[in-house]
Amino acid sequence: MASPATIPISAPQSAGGLQPQTAIATPAFRSFISRLSSSIRQGFSQRRPWLELLDRSSFSRPDTLSEAASRVRKNFSYFRVNYVALLASVLAFSLLSHPLSLVVLLSLLAAWFFLYLFRPSDQPVVIFGRTFSDRETLGILLVSTVVVVFLTSVGSVLISALLVGLALVCVHGAFRMPEDLFLDDQEPANAGFLSFLGGAASSAAAAAAPAVASRV
């Protein structure tokens, strides 16, 4: 007897018409997180003692506006890492007080990470059988970002939190006498308020650059 014919079996498609895609480029994403966290830890290791920041004996009212501006400039140079931590705390508290805005913002960031920055360039975005090119994906993400930031409560929450944080920093810098601070006159000119974040930004850009360059 002849052997029965072999029936070809095709792999079933996923529900909803979505084509199966390979996993996201986890090595690139892990490298990004590792470099970013390492740079942030290195930057925050330069923070000043919080007791020095809150020393009540070092507070006094400035006599003139120019003196207040000089104090703010010197305190920015000395307490810049502490000020950034204060801004981040105010921003985090504001977002936690508005959970819907936090969820929307995290969803937007996740979309940028997993649909564009760290998605393999040879794996297009396929939703319900519709394939989106890199330009279409980028355009949708840009429009979504503009809508979320400027047309929803997320933007107002972020802006109000930053304004409150900057106000606290400026008030502290104006009333904190910097005479007891050991300011280094040889400090590089670019070591300003956010200079220590440059390493984190550079590392993050280096980690994401290969994924972005492959789509240009």
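Since this is a predicted model, take the numbers as computed values, not measurements.
- Hydrophobic clustering (ILVMFWY, side-chain heavy atoms < 4.5 Å, transitive): F76 and F175 are in distinct clusters.
- From R47, atom CZ reaches atom CD of E52 across 13.0 Å, with rounding to the nearest 0.5 Å.
- The distance from the CE atom of M177 to the CG atom of N75 is 10.5 Å, given to the nearest 0.5 Å.
- Each of L162 and L95 belongs to its own hydrophobic cluster when Ile, Leu, Val, Met, Phe, Trp and Tyr are linked at side-chain heavy-atom distances under 4.5 angstrom.
- Among all heavy-atom pairs drawn from S153 and S101, the shortest one is OG-OG, 3.2 Å.
- Note that CG of L158 is 10.5 Å distant from NE2 of H98, once rounded to the nearest 0.5 Å.
- In the hydrophobic clustering of this structure, V169 groups with W50; members are Ile, Leu, Val, Met, Phe, Trp, Tyr whose side-chain heavy atoms approach within less than 4.5 Å, directly or through other members.
- Without hydrogens or angle criteria, S70 side chain to S66 main chain gives no donor-acceptor distance under 3.5 Å.
- Of the inter-residue distances, the one linking T137 atom OG1 with Y116 atom OH reads 8.5 Å to the nearest 0.5 angstrom.
- Closest approach of Y78 to R48, counting heavy atoms only: O-NE, 3.0 Å.
- Side-chain atoms of R80 come within 3.5 Å of backbone atoms of S77 as a donor-acceptor pair (strictly under, hydrogens ignored).
- Going from atom CG of L100 over to atom CG of L105 covers 11.0 Å, rounded to the nearest 0.5 Å.
- Shown here is L151, whose CG atom has more than 12 heavy atoms of other residues, nucleotides or ligands within 6.0 Å.
- Side-chain atoms of H172 do not come within 3.5 Å of backbone N or O of Y83 as any donor-acceptor pair.
- By the rule that hydrophobic residues join a cluster once side-chain heavy atoms approach within less than 4.5 Å of another member, I159 and V146 end up as members of separate clusters.
- With L87 as reference, L166 is the one residue of V164, L168, L166, N82 to meet the side-chain contact (heavy atoms from CB on, under 4.5 Å) rule.
- Nearest heavy atoms, G165 versus V90: N-CG1, 4.1 Å.
- In this structure, T145 OG1 and L108 CG are separated by 4.0 Å, a value rounded to the nearest 0.5 Å.
- For the pair L138/W112, a side-chain contact is recorded, criterion being any heavy-atom separation below 4.5 Å from C-beta on.
- The two residues C170 and V72 come nearest to each other via the heavy atoms O-CG2, 3.8 Å.
- Taking both residues in full, the closest heavy atoms of S94 and V157 are given as OG-CG1, 3.2 Å, listed atom of the first, atom of the second, then distance.
- Closest non-hydrogen pair, P178 versus R71, comes out as CD-CG, 3.8 Å.
- Within 6.0 Å of the CZ atom in F93, the count of heavy atoms belonging to other residues, nucleotides or ligands does not exceed 12.
- Under the 4.5 Å side-chain heavy-atom criterion for Ile, Leu, Val, Met, Phe, Trp and Tyr, V103 and L96 are members of distinct hydrophobic clusters.
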